[in-house]
Amino acid sequence: MKNKVLIVGGGMVGAAAAVKLAQQGLTVTVLETHPLDAMQALTDETIDIRVSAINRFSEALLDELQAMPLLRNARLAPYQQLEAYEQENNSLLFDCEELAATHLGHIVENRLIQASLWAQFERLGIQVEQVSGTPQAIKQNTDSVELIYPEQSYQADLLLAADGGRSVVRKLAGIGVTGWQYQQHCMGVLIKLDAPQQVKTWQQFKPSGPIAFLPMQYPYANLIWYHHGNELAQMKTLSNAQLKQEIQNHFFDLPGEFEVLQSAVFPLARQHANQYHQGRVVLIGDSAHTINPLAGQGVNLGFKDVAALASALEGAEDIGNAALLRRYEQSRRNDNLMMMSMMDACYFGFSNEIAPLRHLRNLVLKVANHAGPIKREVLKHAMGGVV
């Protein structure tokens, strides 16, 4: 039986793939430049500015991978409402009560998600190899694949690229991408709130780009600010006190007094791989698709990749079988493309001040908020199809 998997990248999606495939009895090795001390990360009181809004599908997967209990004992914040608006009197509000659910999802620090998965490695016999530098070549034959580093090489039956949007493995496999850089950049701001635990995440559309509020576990929250790159670069030079003043001038719905703790700016890009596999090399997560983070769906799409790949490979005699890998791609490409297109429609539809379009989009939000069954179906989709 050919069952040896090599995973390049131990981030959230790569680690989830490692745990899921090891649970299915495969032999898994993770190659990582910076191996994580899971227990140290789970108990560290330092707050990670990078957060994800995991939906109910991702929550169910993390429960299946035995990671969710660790997150519940660490830091996470369930949110019960999600609101999107341009003008406050024309908002689209999703509430978990519409589906008789306890919550829509959780806001969780990325490092904690990663650590909760790494904590499973020893129990499942997942091997971690610390690598330096970048891989130099991939050699494939009909029944194996070899990944070559300057001072070491690794062989497996299947090679998973989980090394991000700038995937070296994808490039070495000869897989091209289509996409573009957005005009806007994004600033994340970690704040400490003087307010009770918040249960609503909201997003306001503005011509210069949306702003968003993500409630983390009390007393923290994350602010997301889309703007032109040069504007955010200028704001990144401000002191925390000066940045707070800018936030107060633009974020009018914050629930109370706050302190700015940290900020970071990063560019935005849309990118989609021309194919998800080449021979025995398979792409998952950001190596296959990067999406505008407008609705925080990036990691949720990656976790869906993991579930789909595991389903395609389960019980296989040869996990590198081309028909199985095609099945994985066919199950994920359209769903990923649809979500990317939906985010682009929001991005381009709201990032302008054309009067007729401004009137139309506010009308759409108002109508959508009273759309009944259609709204509930959209809500189910946003929750990952799990209620």
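All heavy atoms count here, side chains included; hydrogens, waters and symmetry mates do not. Keep in mind that this is a model prediction, so the values were computed, not measured.
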Can Arg56 and Asp63 be said to form a salt bridge (Lys or Arg N to Asp or Glu O under 4.0 Å), step by step? CA-CA 10 Å; Arg56 295 292 294 268; Asp63 258 324; over 6 Å; no
Would Tyr220 and Leu193 count as a side-chain contact (heavy atoms from CB on, under 4.5 Å) here? Give the steps. CA-CA 6 Å; Tyr220 302 101; Leu193 276 170; over 6 Å; no
Full working for side-chain contact (heavy atoms from CB on, under 4.5 Å) between Val199 and Tyr79: CA-CA 4 Å; Val199 296; Tyr79 59 94; 5.6 Å; no
Stepwise salt bridge (Lys or Arg N to Asp or Glu O under 4.0 Å) check, Arg75 with Glu109: CA-CA 8 Å; Arg75 290 185 299 273; Glu109 297 159 55; 2.6 Å; yes
Using side-chain contact (heavy atoms from CB on, under 4.5 Å), reason through Val5 and Leu313 one step at a time and then give a plain yes or no. CA-CA 11 Å; Val5 182; Leu313 300 183; 5.7 Å; no
Does Met187 form a side-chain contact (heavy atoms from CB on, under 4.5 Å) with Leu243? I'd like the steps, not just the answer. CA-CA 11 Å; Met187 172 181 276; Leu243 181 56; 4.1 Å; yes
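Residues meeting the salt bridge (charged side-chain N to carboxylate O under 4.0 Å, His left out) test with Glu83, sequence neighbours left out: Lys200. Applying the ring pair (Phe, Tyr, Trp, His ring centres under 6.0 Å) rule to Tyr218 yields no partners; only residues at least two apart in sequence or on another chain are considered.
The one candidate from Ile113, Ile54, Val108 that meets the side-chain contact (heavy atoms from CB on, under 4.5 Å) condition with Met12 is Ile113. A side-chain contact (heavy atoms from CB on, under 4.5 Å) with Leu158 is found for exactly one of Asp318, Leu26, Leu21, Ile319, namely Ile319.
For the atom pair Leu254 CG and Phe213 CZ, the distance stands at 6.5 Å (nearest 0.5 Å). Once rounded to the nearest 0.5 Å, the distance linking CD of Glu97 with OG1 of Thr102 reads 11.0 Å. In this structure, the separation between CG on Asn274 and CD1 on Ile175 is 8.5 Å, given to the nearest 0.5 Å. For the atom pair Glu259 CD and Leu190 CG, the distance stands at 9.5 Å (nearest 0.5 Å). Rounded to the nearest 0.5 Å, atoms OG (Ser116) and CG (Leu65) are 8.5 Å apart. In this structure, NE2 on His185 lies 7.5 Å from CG on Leu268, to the nearest 0.5 angstrom.
A donor-acceptor pair under 3.5 Å is absent between the side-chain atoms of Glu32 and the main chain of Val30, judged by distance alone. Counting only distance, with no hydrogens or angles, the side chain of Arg280 and the backbone of Leu160 share no donor-acceptor pair below 3.5 Å. In this structure, the side chain of Asp95 does not engage the main chain of Glu98 through any donor-acceptor pair within 3.5 Å. For Asn222 (side chain) and Pro215 (main-chain N/O), no donor-acceptor pair under 3.5 Å exists by modelled atom type. Between the side chain of Asn336 and the backbone N or O of Arg332 there is at least one donor-acceptor pair closer than 3.5 Å. Counting only distance, with no hydrogens or angles, the side chain of Gln24 and the backbone of Ala310 share a donor-acceptor pair below 3.5 Å. With Gln184 contributing its side chain and Ser208 its backbone, the two residues share a donor-acceptor pair below 3.5 Å. Put simply, the side chain of Lys139 never gets that close to the backbone of Leu147: no donor and acceptor are under 3.5 Å apart. Here the side chain of Trp225 pairs no donor or acceptor atom with the backbone of Ile247 at under 3.5 angstrom. Judged by distance alone, with hydrogens and angles left aside, the side-chain atoms of Arg170 form a donor-acceptor pair with the main-chain N or O of Gly165 at under 3.5 Å.
Two different hydrophobic clusters hold Leu6 and Ile148 under the rule that ILVMFWY side chains link at heavy-atom gaps under 4.5 Å. By the rule that hydrophobic residues join a cluster once side-chain heavy atoms approach within less than 4.5 Å of another member, Leu325 and Leu172 end up as members of separate clusters. Follow the hydrophobic side-chain contacts under 4.5 Å out from Val306 and you reach Met68 in the same cluster. Linking Ile, Leu, Val, Met, Phe, Trp and Tyr residues whenever their side-chain heavy atoms come within less than 4.5 Å leaves Leu301 and Leu283 in two separate clusters.
Residues Asp305 and His289 have side chains that bring a donor and an acceptor to within less than 3.5 angstrom of each other. At a cut-off of 3.5 Å, with distance as the only test, a side-chain donor of Gln242 or Ser239 sits close to an acceptor on the other residue. Side chain to side chain, Arg123 and Gln120 meet the donor-acceptor criterion of an N or O pair below 3.5 Å. No side-chain N or O of Glu59 forms a donor-acceptor pair with one of Asn55 less than 3.5 Å apart. Judged by distance alone, the side chains of Gln127 and Glu129 do bring a donor and an acceptor atom under 3.5 Å apart. For the residue pair Ser287/Asp163, the side-chain donor-acceptor check at 3.5 Å is not satisfied. Judged purely by distance below 3.5 Å, without hydrogens or angles, the side chains of Thr290 and Asp286 never pair a donor atom with an acceptor atom.
Within the 4.5 Å cutoff, side-chain heavy atoms of Lys206 are placed close to those of Ile211. When side chains are defined from C-beta on, Phe57 does not count as touching Asn300, because their heavy atoms never get closer than 4.5 Å. Leu70 has its side chain within reach of Leu42: a pair of non-hydrogen atoms, C-beta onward, lies under 4.5 Å apart. Between His272 and Ile291, every side-chain heavy-atom pair lies at or beyond the 4.5 Å cut-off. With contacts defined as side-chain heavy-atom distances shorter than 4.5 Å, the pair Val189/Gln262 does not qualify. Counting only heavy atoms from C-beta outward, the side chains of Val145 and Gln155 never approach each other to under 4.5 Å. A heavy-atom distance below 4.5 Å is not found between the side chains of Glu146 and Ile138. Using a 4.5 Å heavy-atom threshold, the side chains of Asp143 and Asp157 count as separate.
Heavy atoms from other residues, nucleotides or ligands lying under 6.0 Å from NZ of Lys171 number 12 at most. Residue Gln130 qualifies as enclosed at atom CD: its count of foreign heavy atoms under 6.0 Å is above 12. Other residues, nucleotides and ligands contribute only 12 or fewer heavy atoms inside 6.0 Å of the CZ atom of Arg166. Within a 6.0 Å radius of CD in Glu151, other residues, nucleotides and ligands contribute 12 heavy atoms or fewer. For CD of Glu122, the number of neighbouring non-hydrogen atoms (other residues, nucleotides, ligands) closer than 6.0 Å is 12 at most.
Geometrically, Lys192 does not engage Phe258 in a cation-pi contact defined by less than 6.0 Å to the ring centre and at most 45° from the axis.
Considering all non-hydrogen atoms of both residues, Ala77 and Gln197 come closest at CB-NE2, 3.8 Å. Closest of all the heavy-atom pairs between Gln114 and Gly11 is NE2-CA, 3.9 Å. Considering all non-hydrogen atoms of both residues, Gly25 and Asn3 come closest at O-ND2, 3.9 Å. Nearest heavy atoms, Ile7 versus Ala17: CD1-C, 4.0 Å.
Ion pairing between Lys2 and Glu317 fails under the 4.0 Å rule for side-chain N and carboxylate O.
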